[in-house]
Q: 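The structure that follows is given in the form of structure tokens.
For the single chain, residues carry numbers from 1 onward in sequence order.
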Amino acid sequence: MAAGATDAPAAGVRAADVGDGGRDAYYTGDRPDLRRLVPATARRVLDVGCGAGTMGAVLKQELGAEVVGIELFEEAAAIAEGRLDAVLRENLQTLRGLPYPEGHFDAMVFGDVLEHVHDPHALLRALRPHLADGGVVAISVPNVKHWSVVFQLLVRDRFTYGDKGLLDRTHVHFFTLEELGALLDETGFDPFAVHVNEIDHAPPQVAALATFAAQFGEDEREVLQRLNAYQYVVGATKRP
């Protein structure tokens, strides 16, 4: 997949989303970058990992759509119930289907969800039947190829987990743009939009990595762009 225009600073990844509110703030943010990928014609939307339902509430208001959330964290789910049409307390690690008919939803949103799931292929395959033919998925994932991760790995020999950010200790699956593209292809989705969220630019020394990659036939400009990508936001349609 090729990356598109640069969006606003990353939302949803804890490094950019958590302030004095701590963990609670992770569940309460809106995601306009994801919302804009949901078609205006969508009448039923599934918000996977809906948190407290902030984004879903905006979708309801903007589209007049039915919005159903999935959220296992009880405190957030209880708040979301007051904002959305329904909230399912389901474990995404073991989810095998929904109490809705096939083709029920016109769009599904996965805001920084897939990196927390051991088998994202299984999750997308379980939910895919409930998405209408030609329906849209809007997905955001952190980019493990971000220069800050690559720098620490190559120069410091470090790959250190923390409480937030790209190496949040709750991340169990890691993505690059190509790996996300492969996941979508293997589960029956065709990307139609790829956006990049950035929080800072690589220092000049990192450009040498792009120059090195060019010696092996890669496009130097694209490599540098991917090193600067903190988060990818992708829209894809369900393949017939």
Q: CG/D133 to OG1/T237 distance, rounded to the nearest 0.5 angstrom?
A: 10.5 Å
Q: Which atoms form the tightest heavy-atom contact between G69 and C50, and what is the distance?
A: CA-SG, 3.7 Å
Q: Taking the side chain as every heavy atom from C-beta outward, state whether L84 and V68 have any pair of such atoms under 4.5 Å apart.
A: no
Q: Do L34 and P32 come within less than 4.5 Å of each other through their side chains, counting heavy atoms only?
A: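 Not touching, per the 4.5 Å side-chain cut-off.
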Q: Counting only N and O atoms by type, is there a donor-acceptor contact under 3.5 Å from the side chain of Q93 to the main-chain atoms of H118?
A: yes
Q: Got a second to check how far F151's CZ is from L209's CG, nearest 0.5 Å?
A: 10.0 Å
Q: Does some side-chain heavy atom of P99 sit less than 4.5 Å from a side-chain heavy atom of L88?
A: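 Yes, side chains in contact.
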Q: Check for a donor-acceptor pair, side chain of N143 on one end and backbone N or O of R226 on the other, with a separation under 3.5 Å.
A: yes
Q: Salt bridge between D190 and K238, side-chain N to carboxylate O under 4.0 Å?
A: no
Q: Rounded to the nearest 0.5 Å, what separation is found between the CE atom of M108 and the CD1 atom of I70?
A: 7.5 Å
Q: Check whether T187 reaches the backbone of R125 with its side chain - one donor and one acceptor, N or O, closer than 3.5 Å.
A: no
Q: Quick one: do E115 and H173 satisfy side chain to side chain donor-acceptor pair (under 3.5 Å)? Show the steps, please.
A: CA-CA 5 Å; E115 65 270 23; H173 205 96; over 6 Å; no
Q: Answer whether the closest heavy-atom distance between the side chains of D112 and P142 falls below 4.5 Å.
A: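 Side-chain contact under 4.5 Å: yes.
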Q: Counting distance only, does the side-chain N/O of R158 pair as donor-acceptor with the main-chain N or O of V149 below 3.5 Å?
A: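 Between the backbone of V149 and the side chain of R158 there is no qualifying donor-acceptor contact (under 3.5 Å).
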Q: Do V144 and W147 belong to the same hydrophobic cluster, where Ile, Leu, Val, Met, Phe, Trp and Tyr are linked whenever their side-chain heavy atoms lie under 4.5 Å apart, directly or via other members?
A: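 No; W147 is not reachable from V144 via cluster members.
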Q: Between H171 and F174, what is the ring plane arrangement, given parallel below 30°, perpendicular above 60°, and tilted in between?
A: perpendicular
Q: So which atom in L37 and which in A193 form the shortest heavy-atom distance, rounded to 0.1 Å?
A: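 Where L37 meets A193 most closely, the heavy atoms are CD2-CB, 3.9 Å.
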Q: How long is the gap from CG on L131 to NE2 on H104, to the nearest 0.5 Å?
A: 11.5 Å
Q: For the residue pair R128 and F189, would you count it as a cation-pi contact if the rule is NZ or CZ under 6.0 angstrom from the ring centre and within 45 degrees of the ring axis?
A: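 The answer is yes, since R128 meets both limits relative to F189.
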Q: Could you give the distance from NZ (K145) to CD (E178), rounded to the nearest 0.5 Å?
A: 8.5 Å
Q: Would F159 end up clustered with L154 when hydrophobic side chains under 4.5 Å apart are linked, directly or stepwise?
A: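 No, F159 and L154 fall in different hydrophobic clusters.
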Q: Minimum heavy-atom separation for A236 to F192, with atom names?
A: N-CE2, 3.4 Å
Q: Quick one: closest heavy-atom pair of V233 and S140, and the distance?
A: CG2-CB, 4.1 Å
Q: Looking just at side-chain N and O atoms, do E220 and T211 make a donor-acceptor pair shorter than 3.5 Å?
A: yes
Q: Any carboxylate oxygen within less than 4.0 angstrom of a Lys/Arg side-chain nitrogen, looking at E74 and R89?
A: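 Yes, this pair counts.
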Q: For H121 and E186, test the side chains for any donor-to-acceptor distance below 3.5 angstrom and give the result as yes or no.
A: yes
Q: Quick one: are L183 and E179 in side-chain contact, heavy atoms under 4.5 Å?
A: no
Q: Roughly how far, to the nearest 0.5 Å, is the CG atom of L123 from the CZ atom of R96?
A: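 Answer for the CZ-CG pair, R96 versus L123, is 9.0 Å.
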Q: Could you tell me whether a side-chain N or O of E102 sits under 3.5 Å from a main-chain N or O of H130, the two making a donor and an acceptor?
A: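 No, the answer is negative, given that no donor and acceptor are paired below the 3.5 Å cut-off.
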Q: Are D106 and V136 side-chain neighbours, meaning at least one heavy-atom pair lies under 4.5 Å?
A: no
Q: State whether the side chain of H116 and the backbone N or O of T170 hold a donor-acceptor pair below 3.5 Å, judged by distance alone.
A: yes
Q: Could you go through the side-chain contact (heavy atoms from CB on, under 4.5 Å) check for L46 and L98 one step at a time?
A: CA-CA 11 Å; L46 181 69; L98 298 174; 3.7 Å; yes
Q: Assess whether side-chain contact (heavy atoms from CB on, under 4.5 Å) is satisfied between V48 and L92, documenting all intermediate values.
A: CA-CA 9 Å; V48 183; L92 298 180; 3.8 Å; yes
Q: With side-chain contact (heavy atoms from CB on, under 4.5 Å) as the criterion, how do M55 and D47 come out once you've worked through the C-alpha distance, each side chain's angles and the decisive distance to 0.1 Å?
A: CA-CA 8 Å; M55 177 178 62; D47 187 355; 3.5 Å; yes
Q: Is there a donor-acceptor pair under 3.5 Å between the side chain of E71 and the backbone N or O of F73?
A: yes
Q: Looking at every non-hydrogen atom in both residues, tell me the closest pair between T176 and Y232 and how far apart they are.
A: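 Looking at all heavy atoms of both residues, the closest pair is C-CE1, 4.4 Å.
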Q: Which heavy atom of V38 sits nearest a heavy atom of A107, and at what distance?
A: CG1-CB, 3.9 Å
Q: Does a side-chain N-to-carboxylate-O contact under 4.0 Å join R35 and E62?
A: yes
Q: Answer yes or no: is there a side-chain heavy-atom contact under 4.5 Å between D33 and Q231?
A: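 D33 vs Q231: side chains touch.
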Q: Run I139 and L184 through side-chain contact (heavy atoms from CB on, under 4.5 Å) and show every step you take.
A: CA-CA 10 Å; I139 297 171; L184 291 171; 3.7 Å; yes
Q: Can any side-chain N or O of R44 pair as donor or acceptor with the backbone N or O of A65 at less than 3.5 Å?
A: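 Side chain of R44 to backbone of A65, a donor-acceptor pair under 3.5 Å: no, none is there.
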Q: Does D219 pair with R221 as a salt bridge, N-O distance under 4.0 Å?
A: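 Judged by the 4.0 Å cut-off on N to carboxylate O distance, D219 and R221 do not form a salt bridge.
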Q: In terms of hydrophobic clustering (I, L, V, M, F, W, Y; side-chain heavy atoms under 4.5 Å; direct or indirect links), are V137 and L95 co-clustered?
A: yes
Q: Less than 4.5 Å apart, any side-chain heavy atom of L127 and any of F105?
A: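 With C-beta onward as the side chain, the pair stays apart.
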Q: Using the rule that two of Ile, Leu, Val, Met, Phe, Trp, Tyr join whenever any of their side-chain heavy atoms come within less than 4.5 Å, decide whether V196 and V234 are in one cluster.
A: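 Yes; tracing contacts between hydrophobic side chains, which count when under 4.5 Å, links both residues.
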Q: May I ask you to say whether D185 pairs ionically with R239, meaning some side-chain N is under 4.0 Å from a carboxylate O?
A: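 Here D185 pairs with R239 in a salt bridge, since their nearest N and O are under 4.0 Å apart.
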Q: If you count heavy atoms of other groups shown closer than 6.0 angstrom to CG of D157, is the number above 12?
A: no
Q: Give a yes or no on whether Y161 and Y230 share a hydrophobic cluster (residues Ile, Leu, Val, Met, Phe, Trp, Tyr; joining criterion: side-chain heavy atoms under 4.5 Å apart).
A: yes
